[in-house]
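Labels below follow one simple rule: chain letters A, B, ... track the order of the sequence lines, proteins then strands, and each chain is numbered from 1. For the numbers below, each heavy atom of this structure counts, side chains included, while hydrogens, waters and symmetry mates do not.
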2 protein chains.
Amino acid sequence: MSSHINQEPIFSPAQVGRAGEDIALQIEAAILDGKIPPGERLPSERDLQAQFHTGRGVIREALGALKQKGLIEIKKGAKGGAVVKNLEMHLVSESLALFLKQQHVTPDYLIEVRESLDRTITTLAIARATPEEKEALVAGAQALVQALGNPEPDMVAVFEMDRQLNLLLARMTRNPVFEWIMRALQSGLGSYDHSLYNHPDYRERTAFNWLQTAKGIHRREPLQALSFIGYHYVMLRACLARESMDSQGPAGDFPRPPLEIPPAGLPDSPVHNDS
Amino acid sequence: MSSHINQEPIFSPAQVGRAGEDIALQIEAAILDGKIPPGERLPSERDLQAQFHTGRGVIREALGALKQKGLIEIKKGAKGGAVVKNLEMHLVSESLALFLKQQHVTPDYLIEVRESLDRTITTLAIARATPEEKEALVAGAQALVQALGNPEPDMVAVFEMDRQLNLLLARMTRNPVFEWIMRALQSGLGSYDHSLYNHPDYRERTAFNWLQTAKGIHRREPLQALSFIGYHYVMLRACLARESMDSQGPAGDFPRPPLEIPPAGLPDSPVHNDS
DNA sequence: GTCGGGTATTGGTAGTACCATTCTGTTGGA
DNA sequence: TCCAACAGAATGGTACTACCAATACCCGAC
């Protein structure tokens with residue numbers, strides 16, 4: 001049953017001292033070169049042990065490293081073993097999240113990056129997305145507004161709708177790299193973004209602002225869309241600032257947050273609808 | 001010699017079936033909670049084996065995972081062992097870079113993202129970097145120009161200088177997330193960027209353009225700096241287009257590249273020097 | 001005081017044995 | 001004929017032992 005990799009010995013015995021890493025690198029290279037396509041099974045640990053002329057512990061260590069990187073998936077039992085799988089985004093995100101945790105990165109940093117990315121993404125989306133996608137974006141934003149109109153909104157669903165809207169927007173750039181970075185940042189930002197929907201003061205304005213952004217994109221009005229994007233981040237920063245004050249100073253009836261928030265209810269009609 | 005973690009048993013025996021992961025998670029949590037600060041040594045593998053009531057192989061697997069994540073560093077010999085270290089950014093970036101590699105992203109996508117990122121980074125760097133950093137950037141660009149003035153330039157050194165300039169610029173934003181993304185994209189872009197220095201036609205212009213960019217940042221002239229950034233990517237795209245034509249069509253004396261490149265030798269004096 | 005070797009500690013590798021899980025094929029009954 | 005239950009094989013997971021290799025430290029000879 002060692003005929004999965006039968007063309008010729010892809011792998012060669014490892015050097016001493018770093019056998020585990022060496023083997024992991026060889027297998028990783030074979031995977032990235034496409035010699036072992038996703039879905040294919042690697043030989044069993046005992047077969048690899050024989051191929052590499054090493055102990056099974058070393059093989060397990062190497063496979064463990066690849067599993068950690070997300071390159072393979074290991075299943076037990078007969079017909080189990082290591083299967084090459086497509087890298088999933090969430091692993092990349094996890095790696096970033098780990099880094100952000102240990103470095104104690106404040107939300108400011110993430111918000112800044114996301115705002116700049118959002119601006120580029122919006123511009124590209126206007127230029128490249130199909131009318132159907134733009135309409136889907138507007139429809140999604142309208143659904144978000146509607147969901148928040150409910151006096152007892154399902155917040156989990158709302159968060160997911162927001163997330164999907166962001167990803168759709170990123171996808172509209174026709175550049176997958178934007179979507180990947182966006183996903184990674186989203187998992188890092190996560191809860192911060194949610195706080196915007198948790199405050200009743202910001203909730204409706206945020207959703208309505210999303211709708212305006214979508215409409216701006218649909219009308220192919222970059223400057224308008226960018227204005228709404230900016231307003232989103234103005235609100236997000238103010239919301240987080242208020243939250244941190246709430247948690248530190250004596251909660252209750254302190255003055256309004258330092259950053260003055262424009263009044264709610266941006267008119268829908270003033271922006272001319274005939275494009 | 002098990003007194004490094006002597007307050008109380010931080011760790012508890014692991015459940016069966018996923019002992020390795022379980023142990024890795026426990027240690028990781030202890031590290032991220034700050035119970036084991038960076039620089040501290042973990043108990044030896046044999047001590048951990050006793051604490052967790054498990055085999056040494058499992059311990060090695062767990063430590064290997066943490067090492068893979070970059071949370072610890074393992075040294076051999078007496079007084080060796082696993083020491084907690086600060087997460088290095090390049091490891092985190094590697095995660096995204098690995099993903100980009102497996103997805104076979106074309107250079108177009110990466111270039112687009114990098115250009116938009118470069119523009120934001122440049123703007124922020126002008127606003128936030130110290131004068132010393134800006135001078136260092138100019139000095140680095142000058143060194144690059146000088147290195148390429150040599151008829152037989154050390155290309156490896158040139159690539160590294162270019163890389164370092166990019167990272168310095170990203171660091172000047174005071175936002176580590178930009179540096180993270182930059183590093184990830186760099187390791188993905190890598191060789192594409194190098195082609196700019198490999199073509200004699202573009203080599204000097206690229207370095208000179210770097211110098212102009214750095215000077216624009218130093219003079220706090222965002223629009224000028226952005227113009228030079230744009231020119232860099234104009235050249236990069238043209239260079240890659242020519243390369244792909246070279247490799248496909250009959251190489252030799254075909255017409256000039258489709259995208260007309262402005263003449264070399266942008267004047268240094270015309271931009272006013274008195275800021 | 002300095003150099004050198006011995007020794008203890010610790011990670012790295014090899015190998016074996018056994019357990020747990022999963023699939024597969026066979027067998028026996030309805 | 002069909003289906004369910006069981007036995008067996010393949011494979012990863014764990015445990016344990018032994019030994020090798022590198023490193024730091026100590027101690028004695030010079």
| request: Using whole Å, report how far CD of Q49(B) lies from P of dT10(C). | output: 13 Å
| request: Provide, to the nearest angstrom, the distance between the CD atom belonging to E45(B) and the C1' atom belonging to dT17(D). | output: 15 Å
| task | Give the rounded distance in Å between these two atoms: CG of L48(B) and C1' of dC16(D). | result | 17 Å
| Whole-Å distance separating the CD atom of E61(A) from the P atom of dG13(D) | 14 Å
| Rounded to the Å, how far apart are R46(A) CZ and dA14(C) C1'? | 15 Å
| Checking all strands, does G57(B) fall into the base, sugar-phosphate, or nothing category for heavy-atom contacts under 4.0 angstrom? | nothing
| task | Rounded to the nearest angstrom, tell me the gap between atom CD1 in I74(A) and atom P in dT22(C). | result | 15 Å
| Between R60(B) and dG12(C), does any side-chain N or O lie under 4.0 Å from OP1 or OP2? | yes
| said: I want to verify a distance call: between dA22(D), dT11(D), dG12(D), whose nearest atom is closest to the K76(B) side chain? | reply: dA22(D)
| note | Smallest heavy-atom separation, N86(A) atom then P38(A) atom, equals OD1-CG, 3.6 Å
| Strictly by modelled atom types, are Q142(B) and Q146(B) linked by a side-chain donor-acceptor pair under 3.5 Å? | no
| task | Rounded to the nearest angstrom, tell me the gap between atom NZ in K79(B) and atom C1' in dT23(D). | result | 12 Å
| request: Report the residue (K75(B) or G77(A)) whose heavy-atom-nearest nucleotide on DNA chain C is the more 5′ of the two. | output: K75(B)
| field | L42(A) CG - dG12(D) C1' separation (whole Å) | value | 14 Å
| Is any side-chain nitrogen or oxygen of R56(B) closer than 4.0 Å to OP1 or OP2 of dG12(C)? | no
| Do E45(B) and Q49(B) have side-chain N/O donor and acceptor atoms under 3.5 Å apart? | no
| field | salt bridge (Lys or Arg N to Asp or Glu O under 4.0 Å) partner of E133(B), chosen from R174(B), R171(B), R128(B) | value | R174(B)
| query | Of the nucleotides dA10(D), dT14(D), dA8(C), which has the atom closest to the A78(A) side chain? | reply | dA10(D)
| Would a distance-only check, ignoring hydrogens and angles, find a side-chain to backbone donor-acceptor pair under 3.5 Å from N166(B) to D162(B)? | yes
